[in-house]
Structures are given as C-alpha cells and as structure tokens.
Number of protein chains: 2
Amino acid sequence: MKYIEKLRNSGLRPTKQRLQICEVLFNSEKTFHFTINDLDQKIKKQISDKISLATIYNTVHAFEKKGYLKQIPINSNQIYFDTNISDHHHFYDLKEEKLIDLENADVGPINILKKINGKKIKSVEVLVKLED
Amino acid sequence: MKYIEKLRNSGLRPTKQRLQICEVLFNSEKTFHFTINDLDQKIKKQISDKISLATIYNTVHAFEKKGYLKQIPINSNQIYFDTNISDHHHFYDLKEEKLIDLENADVGPINILKKINGKKIKSVEVLVKLED
DNA sequence: GTAGTACTTTATAATGATTCTAAAAAGGTG
DNA sequence: CACCTTTTTAGAATCATTATAAAGTACTAC
C-alpha cells in the first residue's frame with residue numbers, strides 16, 4: 001500500500017483506520033476542504049468498515065501535526081481543514097459558506113514589514129471574503 | 001452620554017446594559033482583542049451591575065452586525081473580536097496564543113488577481129502566524 | 001512465532017462555547 | 001399613564017471537540 005511508508009516515516013503506525021483515512025483524504029485527483037463532520041460522512045460512503053469519530057479526530061490532528069493537512073483560519077463553529085498543503089490562500093464566499101482556493105500566484109507577493117523580537121514567521125495566510 | 005446617539009442612529013435602543021458595554025469596549029485609549037469570556041471578565045471588573053452572559057453575546061453580535069466590532073478570522077475554540085475596525089491585519093503568536101495588530105502599512109499592498117464571477121471582495125484579511 | 005510493551009482504537013462521558021427559550025423588565029410613543 | 005415592542009435574563013439545550021479508560025493492534029526482541 002502506498003501510504004504505509006508515508007505513515008511509518010513520520011512515526012505513525014500504519015493502522016487499518018489510518019490507511020483508510022489516507023485513501024479518503026489523499027487518493028483523489030483534486031485537493032479539498034473539509035470539516036470533521038464532512039470527513040465522517042465521506043468515510044461512511046467510501047469505506048465499508050466503521051471508523052469511530054474519536055479516531056477521525058485523532059487521525060486528523062495527527063496528520064495536521066505531521067504537515068499532511070492544514071487548518072484554514074476562518075471563524076466558523078467548525079474547524080476547516082485543507083488537503084492542499086501548498087502555500088496558498090482562500091476566498092470565503094459568505095453567502096454560500098464555501099471556501100475556494102487562491103493560489104499564491106493569484107495574490108501579489110506579500111511582504112511583512114513589521115518584525116517581532118525573537119519570533120519568526122511560520123505562515124502568512126490571506127482570507128478574502130466575498131459577497132454578491 | 002456619548003454612546004446614546006451612536007446606538008439610536010443604528011436602530012439599537014440605548015439600554016443601560018448596552019451603554020455600559022460601550023464604555024468597556026470603546027472608552028479606552030487603545031483598541032483591543034477579546035473573546036466573549038474576556039469581555040465578561042472585563043465587565044465584572046469595571047461595571048458594578050451584573051450583565052448576563054446572554055446579553056453580552058447578544059450585544060457583541062449586534063455591534064458586530066452594525067460594524068462597531070470585527071471578528072478576527074483565526075482557528076480557535078473561541079471567537080476573537082477586535083474593537084479596531086480599521087482595515088488591518090494580525091500576527092498570531094502561536095506560543096503565547098496572543099494577537100498583535102499589523103497595520104496596513106506594515107504589510108505590502110495586496111493585489112488579488114483572481115476574480116470570481118458575480119462576487120465582489122468584501123475584505124482581505126492576513127493572518128501571520130509566529131513561532132519562536 | 002511468542003511475549004512483552006507501547007501505541008491505537010473505541011464507546012461513552014465530560015467539557016465548554018454558543019444559542020435557544022419564554023417569562024419578566026425596560027424603552028419608546030402617543 | 002397605557003400600550004406595544006424590544007431587550008434582558010436565568011437556565012436549558014445544542015453541538016463540536018476532548019478526555020477517559022478498557023480492549024485491541026502493531027512492533028521489537030528473542
């Protein structure tokens with residue numbers, strides 16, 4: 001299986017559940033945005049075994065920590081994740097409550113002029129809210 | 001009282017509670033970031049009357065809708081608000097879990113090249129995550 | 001392969017922020 | 001003041017997320 005090494009290399013045991021979640025998350029043409037609830041539904045559709053909600057939470061957090069998923073900073077009652085881990089940004093359509101990718105090339109270069117002593121920049125994320 | 005007109009002009013009755021919350025939010029030299037819990041604490045310290053938590057929620061949402069407060073897009077278990085409603089951005093210190101204002105001038109001009117049909121840009125918000 | 005250990009999964013309970021409810025209180029108008 | 005509408009309130013309800021602790025599984029050494 002193609003995800004066994006990936007998991008092992010990052011110190012995660014390649015359990016059946018994790019491999020199945022990898023299939024759902026990473027085995028698709030396009031990257032996508034999801035909430036835990038979205039993912040739970042998707043798993044129910046695509047996987048015949050049942051995976052407990054707690055495991056889904058654990059796995060998503062583990063994958064995020066390892067850098068296989070990114071959280072999308074947005075105010076919502078649920079946390080949004082992205083399988084696109086490249087450096088990029090988002091549109092947020094307020095009416096449809098939908099996220100749309102915004103590649104780095106679609107945003108001019110961003111230069112943060114202010115420096116904070118002893119801290120370094122980990123990421124720069126742009127959220128563009130859209131209305132009709 | 002200086003906030004009576006402000007409230008009346010936006011169609012909100014100037015109740016005792018709303019005026020007191022205005023004092024706490026807007027009667028300070030500097031703008032600040034807060035969660036509902038932060039605000040609740042601040043009110044308890046500064047105001048002798050008790051204001052119910054439900055009223056604080058109602059009022060903050062009403063003020064946000066009227067444009068007197070802004071939500072800060074950030075993934076957290078609590079919603080962060082800002083009394084600084086000018087067009088600006090934020091640093092987020094991951095370790096200290098603290099927000100720091102980033103004026104527009106501290107960020108180079110941002111040019112969103114991609115257009116979405118039938119939608120217009122309402123806001124562009126930048127979140128810069130900081131680590132040690 | 002087996003034994004031992006550490007990690008993982010699981011169902012369920014607990015937590016905690018936010019929203020809902022419906023009754024009491026207060027503001028606004030004539 | 002009398003009336004109607006808006007607002008406040010305490011407490012209950014909701015819902016995403018996290019904690020718990022027992023059972024199951026992966027890995028390592030022999």
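In this text the structure is predicted, and so the values were computed from the model without any measurement. So you know, we letter chains A, B, ... as the sequences are listed, proteins then strands, and number each from 1.
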Side chains of [X] and [Y] only: does a donor on one sit below 3.5 Å from an acceptor on the other?
{"X": "A/K30", "Y": "A/N84", "result": "no"}
{"X": "B/D82", "Y": "B/H88", "result": "yes"}
{"X": "B/D101", "Y": "B/H33", "result": "yes"}

Rounded off to whole Å, could you give me the [atom1]-to-[atom2] distance for the [X] and [N] pair?
{"X": "B/K16", "N": "C/dG28", "atom1": "NZ", "atom2": "P", "answer": "14 Å"}
{"X": "A/I56", "N": "C/dT12", "atom1": "CD1", "atom2": "C1'", "answer": "16 Å"}
{"X": "B/D49", "N": "D/dT7", "atom1": "CG", "atom2": "P", "answer": "19 Å"}
{"X": "B/L19", "N": "D/dT7", "atom1": "CG", "atom2": "C1'", "answer": "13 Å"}
{"X": "A/I51", "N": "C/dT9", "atom1": "CD1", "atom2": "C1'", "answer": "10 Å"}
{"X": "B/F63", "N": "D/dT7", "atom1": "CZ", "atom2": "P", "answer": "11 Å"}
{"X": "A/L53", "N": "D/dA19", "atom1": "CG", "atom2": "C1'", "answer": "14 Å"}
{"X": "A/I4", "N": "D/dA26", "atom1": "CD1", "atom2": "P", "answer": "10 Å"}

Selection from [options] that lies nearest to any side-chain heavy atom of [X]:
{"X": "A/A54", "options": "C/dT12, D/dT6, D/dT17", "value": "C/dT12"}
{"X": "B/T59", "options": "D/dT8, D/dA26, C/dG27", "value": "D/dT8"}
{"X": "B/L12", "options": "D/dT7, D/dT17, D/dT25", "value": "D/dT7"}
{"X": "B/Y57", "options": "D/dA10, D/dT7, C/dT18", "value": "C/dT18"}

Checklist entry - Regarding B/K42 and the six-membered ring of B/F32, is the cationic atom NZ or CZ under 6.0 Å from the ring centre and inside 45° of its axis? => result yes
Checklist entry - How would you label the contact of A/N58 with the nucleic acid (heavy atoms, under 4.0 Å): base, sugar-phosphate, or nothing? => result base
Next on the checklist: Regarding B/T55, tell me which of base, sugar-phosphate or nothing describes its non-hydrogen contacts under 4.0 Å with the strands shown.
Outcome noted: base
Tell me whether the OP1 or OP2 atom of [N] has a side-chain N or O from [X] closer than 4.0 Å.
{"X": "B/R18", "N": "C/dG27", "result": "no"}
{"X": "B/H61", "N": "C/dT19", "result": "yes"}
{"X": "B/T15", "N": "D/dT6", "result": "no"}
{"X": "A/Q17", "N": "D/dT25", "result": "no"}
{"X": "A/R8", "N": "D/dC27", "result": "yes"}

Next on the checklist: Pick the closest DNA chain C nucleotide for B/R13 and for B/I79 by heavy atoms, then say which residue is nearer the 5' end.
Outcome noted: B/I79
Checklist outcome for this item: Contacts of B/I36 and A/G11 projected onto DNA chain C by closest heavy atom; the upstream (5') one is A/G11
Item to check | Any donor-acceptor pair under 3.5 Å from A/S10 side chain to A/K6 backbone | outcome: yes
Next on the checklist: Looking at B/D40 and B/K44, is there a salt bridge between them, counting it only when a charged N and a carboxylate O are closer than 4.0 Å?
Outcome noted: yes
